[in-house]
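Treat the numbers as computed from the prediction; the structure is a model and nothing was measured.
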Amino acid sequence: MLPIQLFRQNKELVLEGLKKRNFKETELVDQIIAIDEKRRQLQVENDNLAASINAASKNIGQLMAQGKKDEAEAIKAEVASHKEQTKELAAKLAEMEQEQYDLIIRLPNIPHSSVPFGKTPEDNEVVRQAGTRPDLSAQKLPHWELTEKYNLINFELGTKLTGSGFPVYIGQGAKLQRALISYFLNYNIDAGYMEIYPPYMVNEDSARGTGQLPDKEGQMYHAVADNYYLIPTAEVPVTNVYRDEIVKESDLPIKMTAYTPCFRREAGSYGKDVRGLNRLHQFDKVEIVQLIQPEKSYEALEGMVSHVEKLLQSLELEYRILRLCGGDMGFTSALTYDFEVYSAAQERWLEVSSTSNFENFQTNRLKARYKDANGKTNLLHSLNGSSLALPRIVACLLENHQTLDGIRIPKALQAYFGAEMIK
RNA sequence: GGUGAGGUGGGUGAGAGGCCGAAACCAACAGUUUGCUAAACUGUCGUACGGGUCAAACCGUACCGAGGGUUCGAAUCCCUCCCUCACCGCCA
C-alpha cells in the first residue's frame, strides 16, 4: 500500500509509475487526493469539536466540586448538542477513511526508474546469462521420466495420499531435498542471514500484513475451523516478524532466511506448466528477507542478486537474470529480478527465484519502522527473494546433469548429499 | 476438552469514574564524574492522524487486547468477542 503522503508530495511520480505498469485507472489518483483533502478538513472540524467537549467536561467537574450545580447543568446541555454533531462527523470521517483506503489499496507499487517499459514477459530485460548448456545427445529425458527411472519421486502416490501436485519424494529423491535445503540455508547463514524456523500456518493479521489478504485468499489453503492460512511462502511469517515493530537503526540491516514448505492452490493452472515438478501445490523453498533503511535498499537488492547468482553457479546450471518490465512485475514490487534456469530436456527456462525490492509498499501496511539518528520514525524498506525454490532446481539438476550412468551431483552439493551420483 | 486467573508504554507493574497518556522500577539513549571498566548522579525516553513551521518548537484529537454501551466525563462501570497464562485431562 502506497503511503498517502506520497500522493500529496509527488503526484507526478505516482502517475508516471502507473503508466509504466500500464495501469489504466489513473483517475484513482485524483480521487484519492480529493478524498484526502476532504478527510483532513473533516478531521480538523471534528477535533475542534472534541476539544471543546473535553474542555466543557472538565469544567463541569470543577463546578460540581465547587457545588455550583446550576452552572454545571447549563454546560451539560451545551455539550449534548456538540455530541450530536461529533457523532455525525466521526461517522462521516470513518466512512471517508475507509473510502480512501479502498482506493489506495487498488494501486500497485511505483516501479523503480530502472524498470523497463513493457507489457509482457517478452519485454523483460535479460541482465545476464551464464553457464553452459549440457550436451544431451546421448540421452534427453525430461525430469518426470528421470524421477521414475531412478525412483526418486512418486507422483501417483501423492495423488493417492492427497491429490495432484503433492509429490512423494522417496529414497535418494527425499535425500536430495534435504541436501538442497541444508546447503541453501547454510549458504545464506554464511552470508549473515539469521535462520528462522517459522510456523507453516499464519493468522489473518499476518496474511493481511504481507498482502495475501484481502485479494488473494483464493491462492491460499485455509484451515477454516481455526481461521489459519497455510503459508504460500516463508515471506509471510518471516516478514510479519516485524509487523508493528519499531527497530533501532543500529539493528539494521535485518537479514533473515527460512526454509518452509509452501502451499499454493494454483487454481486455473493447466498443461505443460503443471507437468512433473513445474508447478505444485506443496513445494519447498528457502527464502531470504531483508529490512533496511530506504537509502540502502537498492544496494541491498544488488547484493541479494549476486548472492543468489553465486548459488546458482555452484549448482552448475545455465541461468539467466531478468529485470522484469512494468507490465510483468508483481503488484507489490518496485523492482524485481527473476532468475531462470534452463531446463535442458524440456528446452525451456524455468523460474527458480524472484528477488524484489518492495521499498515501503509492504512495510507501510505492516507498520515495520525504524528510528533514525534524529529520533524520527520512518518506514523500513523490505526485500525478499528465493534462494532457492526447490522443485524446478531439482528438475533442472536431474535433466541437465543426466548421463547414461546416472545423474551427476554438483560438487558443492556432494557433501550434503553424500554421493557424487544418483544411480 | 475442563477449571481458574488475567490482558496497561521496550519489560515488570501501580492506577478502580474527573487531578491519567498514565506512578514507580528496570532496560535503552545522551551527558556529568572517572586513568579504564564499573558505580553514582542529571536529563531524555509511546504511537498514529491532523494543525503549525523552511525545519523545529508547539498545539489538537485518538489510542490502556478488539468492538459496542452507560455517563457531562471511562484504563477504571456494563455487554460481546479475541487472546494469553496456570492447573487438570488427553497427546507427538
Side-chain angles (χ1 to χ4, degrees), chain A residues 1-10 32-105 197 199-209 213 222-229 237 240-252 254 291 360 363-380:
Chain A
M1 184 169 58
L2 293 168
I4 182 65
Q5 292 82 358
L6 185 65
F7 294 83
R8 287 183 219 149
Q9 289 160 4
N10 211 338
I32 288 164
I33 290 170
I35 286 186
D36 182 52
E37 269 170 33
K38 230 183 185 169
R39 195 209 88 227
R40 281 187 289 166
Q41 247 177 17
L42 272 181
Q43 189 181 331
V44 169
E45 241 179 278
N46 191 46
D47 282 359
N48 287 342
L49 207 53
S52 75
I53 292 173
N54 286 344
S57 293
K58 218 168 225 179
N59 212 346
I60 290 169
Q62 281 165 357
L63 289 172
M64 296 289 256
Q66 292 164 18
K68 300 178 182 169
K69 232 176 171 183
D70 297 347
E71 287 181 49
E73 288 300 328
I75 300 175
K76 270 193 201 181
E78 189 187 316
V79 168
S81 80
H82 280 175
K83 273 198 85 177
E84 290 287 306
Q85 285 183 57
T86 193
K87 223 173 197 174
E88 256 174 66
L89 275 176
K92 234 188 238 174
L93 195 56
E95 201 178 294
M96 211 139 259
E97 277 165 6
Q98 184 63 42
E99 206 174 315
Q100 181 175 319
Y101 175 84
D102 289 344
L103 290 176
I104 222 167
I105 202 139
Y197 188 104
Y200 297 162
M201 290 194 195
V202 293
N203 59 28
E204 219 177 299
D205 284 344
S206 295
R208 206 172 293 282
L213 293 180
H222 186 196
V224 177
D226 297 289
N227 198 22
Y228 293 153
Y229 292 89
N240 269 285
V241 168
Y242 286 93
R243 168 158 49 87
D244 292 323
E245 296 289 334
I246 301 174
V247 300
K248 289 181 289 183
E249 190 169 11
S250 57
D251 290 336
L252 301 176
I254 289 159
L291 296 169
N360 59 20
T363 54
N364 184 38
R365 198 192 300 207
L366 276 172
K367 298 210 177 66
R369 293 155 293 172
Y370 76 104
K371 205 159 254 191
D372 68 19
N374 302 319
K376 252 194 150 176
T377 305
N378 305 309
L379 291 171
L380 287 157

[N] versus [M] - spacing of their [atom1] atoms, nearest Å:
N: B/rA75; M: B/rG13; atom1: C1'; answer: 14 Å
N: B/rC20; M: B/rA27; atom1: P; answer: 26 Å
N: B/rA74; M: B/rC25; atom1: C1'; answer: 27 Å
N: B/rG60; M: B/rG65; atom1: C1'; answer: 27 Å
N: B/rU32; M: B/rU47; atom1: P; answer: 26 Å
N: B/rA16; M: B/rG7; atom1: P; answer: 14 Å
N: B/rC77; M: B/rG15; atom1: C1'; answer: 15 Å
N: B/rA62; M: B/rG21; atom1: P; answer: 10 Å

Quick one: [X] [atom1] to [N] [atom2], roughly how many Å, whole number?
X: A/D244; N: B/rU47; atom1: CG; atom2: P; result: 13 Å
X: A/D205; N: B/rC81; atom1: CG; atom2: P; result: 19 Å
X: A/E204; N: B/rC82; atom1: CD; atom2: P; result: 13 Å
X: A/E249; N: B/rC29; atom1: CD; atom2: P; result: 14 Å
X: A/E245; N: B/rG10; atom1: CD; atom2: P; result: 9 Å
X: A/K58; N: B/rA74; atom1: NZ; atom2: P; result: 13 Å
X: A/N364; N: B/rC49; atom1: CG; atom2: C1'; result: 13 Å
X: A/D226; N: B/rC82; atom1: CG; atom2: C1'; result: 13 Å

Which is true for A/E37 with a 4.0 Å heavy-atom rule: it touches a base, it touches only sugar-phosphate, or it touches nothing?
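Touches nothing.
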Students often get this wrong, so: under 4.0 angstrom with heavy atoms, is A/I75 touching a base, only sugar-phosphate, or nothing?
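Counting heavy atoms under 4.0 Å across all strands, no contact is made by A/I75.
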Short side-chain to backbone donor-acceptor contact, A/N360 and A/L379, under 3.5 Å:
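Between the backbone of A/L379 and the side chain of A/N360 there is no qualifying donor-acceptor contact (under 3.5 Å).
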Any donor-acceptor pair under 3.5 Å from A/N46 side chain to A/L89 backbone:
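No, the answer is negative, given that no donor and acceptor are paired below the 3.5 Å cut-off.
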Please pick, from B/rG51, B/rA48, B/rC49, the nucleotide with the shortest atom-to-atom distance to any side-chain atom of A/R369.
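That would be B/rA48.
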Heavy atoms, side chains only, cut-off 4.5 Å: are A/R8 and A/I33 in contact?
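No, their side chains stay 4.5 Å or more apart.
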Using a 4.5 Å cut-off on heavy atoms from C-beta on, say whether the side chain of A/L366 contacts that of A/Y242.
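No, side chains not in contact.
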With sequence neighbours left out, what residues match A/E78 under side-chain contact (heavy atoms from CB on, under 4.5 Å)?
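Partners of A/E78 under the side-chain contact (heavy atoms from CB on, under 4.5 Å) test: A/H82.
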Evaluation steps, salt bridge (charged side-chain N to carboxylate O under 4.0 Å, His left out), between A/K92 and A/E88
CA-CA 6 Å; A/K92 234 188 238 174; A/E88 256 174 66; 5.6 Å; no
Contact under 4.0 Å: [X] side-chain N or O vs [N] OP1/OP2:
X: A/K248; N: B/rG10; answer: no
X: A/R39; N: B/rC49; answer: no
X: A/R40; N: B/rC49; answer: no

Should we count CD of A/E249 as having more than 12 external heavy atoms under 6.0 Å?
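Enclosed: over 12 neighbouring heavy atoms sit under 6.0 Å from CD of A/E249.
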Can a side-chain donor-acceptor contact be found between A/N203 and A/S206 if the only test is distance below 3.5 angstrom?
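Result is yes, a qualifying pair exists.
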With sequence neighbours excluded, residues passing ring-ring contact (aromatic ring centres under 6.0 Å, His included) with A/Y229:
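Applying ring-ring contact (aromatic ring centres under 6.0 Å, His included) to A/Y229 gives A/H222.
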Consecutive-pair stems (3 or more, Watson-Crick or G-U, under 3.5 Å) for RNA chain B:
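Detected stem regions: B:1-7 with B:82-88, B:10-12 with B:24-26, B:28-32 with B:40-44, B:46-51 with B:58-63, B:65-69 with B:77-81.
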State which residues pass salt bridge (Lys or Arg N to Asp or Glu O under 4.0 Å) with A/R243; sequence neighbours excluded, sorted by chain then number.
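With sequence neighbours excluded, A/R243 shows a salt bridge (Lys or Arg N to Asp or Glu O under 4.0 Å) to no residue whatsoever.
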Salt bridge (Lys or Arg N to Asp or Glu O under 4.0 Å) with A/R369: which residues, sequence neighbours excluded?
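With sequence neighbours excluded, A/R369 shows a salt bridge (Lys or Arg N to Asp or Glu O under 4.0 Å) to no residue whatsoever.
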Please tell me which of A/I53 and A/G375 maps to the more 5' nucleotide of RNA chain B, matching each residue to the nucleotide holding its nearest heavy atom.
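Nearer the 5' end of the strand: A/G375.
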Residue closer to the 5' end of RNA chain B, A/A56 versus A/Q5 (nearest nucleotide)
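By nearest-heavy-atom nucleotide position, the 5'-most residue is A/Q5.
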What does the B/S/- profile of nucleotides 54-71 of chain B look like, 5' to 3', with a 4.0 Å heavy-atom cutoff to protein?
--S---BSS---------
